[in-house]
Amino acid sequence: MVIHRDQRRADARDVLDEFEAWLLRERSTQEGTAAAYTARVAGFVEWLPAPVDQSLKTLTAAMLTQWVNLEAARGLKASTLSKQLVMLRSFLQFCHRSGRTGQDFSGVVPHAAAWRLSSIPDPVPAGTIEALFGTLDLRSAKGMRDRAILMLLTGLGLRACEIAGLRLGDIGWRTGTLRIRGKGDRVDELPLPEDVGQALEDYVLHGRGGRTAGEEVFWTVIDPVQPLTANGVCGTIRQICVKAGVEKFGPHRLRHTFATGMLASGATLQEVQGLLRHAHLRTTAIYTKVDKNRLSALATEWPAAASGRWSR
């Protein structure tokens with residue numbers, strides 16, 4: 001379960017903040033990754049009886065097994081549960097090395113059974129994207145901002161962290177390009193579609209303009225005004241879903257929708273890999289499972305490129 005920083009129980013905040021700092025210092029993780037690990041581990045920490053420090057001192061293998069069983073019973077995808085358990089193991093290693101537990105319990109945490117292509121990406125139902133855009137008030141700064149975010153998600157398949165990381169200098173107004181800082185300190189330059197560029201221009205000039213002095217493109221609209229975070233992008237999409245009267249989902253599902261739509265329109269695996277900036281073609285391959293006819297057509301592409309890495 002993801003629990004964001006401002007929702008954490010008071011007795012859990014210190015240990016979670018120290019865990020995040022440990023990830024940055026000892027594991028050299030990126031800030032976004034450390035924050036994501038910490039947000040997910042918060043569910044386990046807050047499940048422990050208060051005070052947390054005392055619960056960690058008396059932690060047992062049976063308690064860990066109980067929590068893992070509870071998480072599994074929530075019906076999480078195998079891949080999601082697997083990530084939860086990876087993060088939990090990291091947290092338990094931190095607890096041992098910081099003296100919070102008398103032994104390293106990370107070896108107690110089981111591995112979730114999963115294989116890379118076991119889950120099928122779930123694009124949003126037909127008409128949903130139109131419904132989301134239909135809720136926006138384009139006369140307001142928030143409406144212009146949210147339209148630009150939706151356009152980046154549906155028109156380029158960006159991740160929430162990539163949208164939050166955009167700077168004004170990343171937008172190539174004259175060249176029609178957009179610089180993206182992705183996973184693993186990777187920087188790519190993508191073509192900027194005209195409609196996406198227009199939405200960005202409207203927001204920068206009329207929604208954002210004059211309100212902030214920072215280089216970040218997207219900002220909150222409620223005082224105190226501050227740069228929009230990846231969690232803020234996720235929250236924005238879920239709020240739009242509620243307003244549109246559709247089932248709530250996050251930005252990554254729009255990325256899935258973008259990818260499956262590209263394949264359905266005839267794009268090759270390599271082309272979609274390039275736009276999504278996947279390091280390995282096997283990651284992109286999961287999207288072919290959505291359309292069996294497209295999968296058959298793409299089969300001939302696979303042998304020559306299955307282990308390749310897309311580069312610009």
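The model shown is predicted, which means the values in this text are computed figures rather than measured ones.
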Test your reading of the model: is there a side-chain donor-acceptor pair from [X] to the backbone of [Y], 3.5 Å cut-off?
X    : Y    : value
T220 : Q226 : yes
R255 : L276 : yes
T29  : L23  : yes
Q54  : P51  : no
R145 : F218 : no

Review point. Are N231 and T229 close enough that a side-chain donor and a side-chain acceptor fall under 3.5 Å?
Key: no

Exercise for review: Give a yes-or-no answer on whether the side chains of S98 and R100 include a donor-acceptor pair shorter than 3.5 Å.
Suggested key: yes

For [X], which residues count as a side chain to side chain contact (heavy atoms under 4.5 Å, CB included) partner, sequence neighbours excluded?
X    : answer
S55  : L48, P49
C234 : A160, R238, P251
R167 : D170, R181, E215, E216
V86  : Y37, R89

**Study point:** Sequence neighbours excluded, every pair satisfying salt bridge (Lys or Arg N to Asp or Glu O under 4.0 Å) that has a member inside residues 124-143
**Key:** D137-R139, K142-D146

Check your understanding: Between NZ of K243 and CG of L136, what distance do you get to the nearest 0.5 Å?
Key -> 7.0 Å

**Study point:** Contact summary for W219 and V225, nearest pair of heavy atoms
**Key:** CE3-CG1, 3.7 Å

Practice item. State whether the number of non-hydrogen atoms from other residues, nucleotides or ligands found under 6.0 Å of E31 atom CD is greater than 12. Key: no

Review point. What pairs with T101 under side chain to side chain donor-acceptor pair (under 3.5 Å), at least two apart in sequence or on another chain?
Key: none

Review point. If you group Ile, Leu, Val, Met, Phe, Trp and Tyr by side-chain heavy-atom gaps below 4.5 Å, do L70 and F91 land in one group?
Key: yes

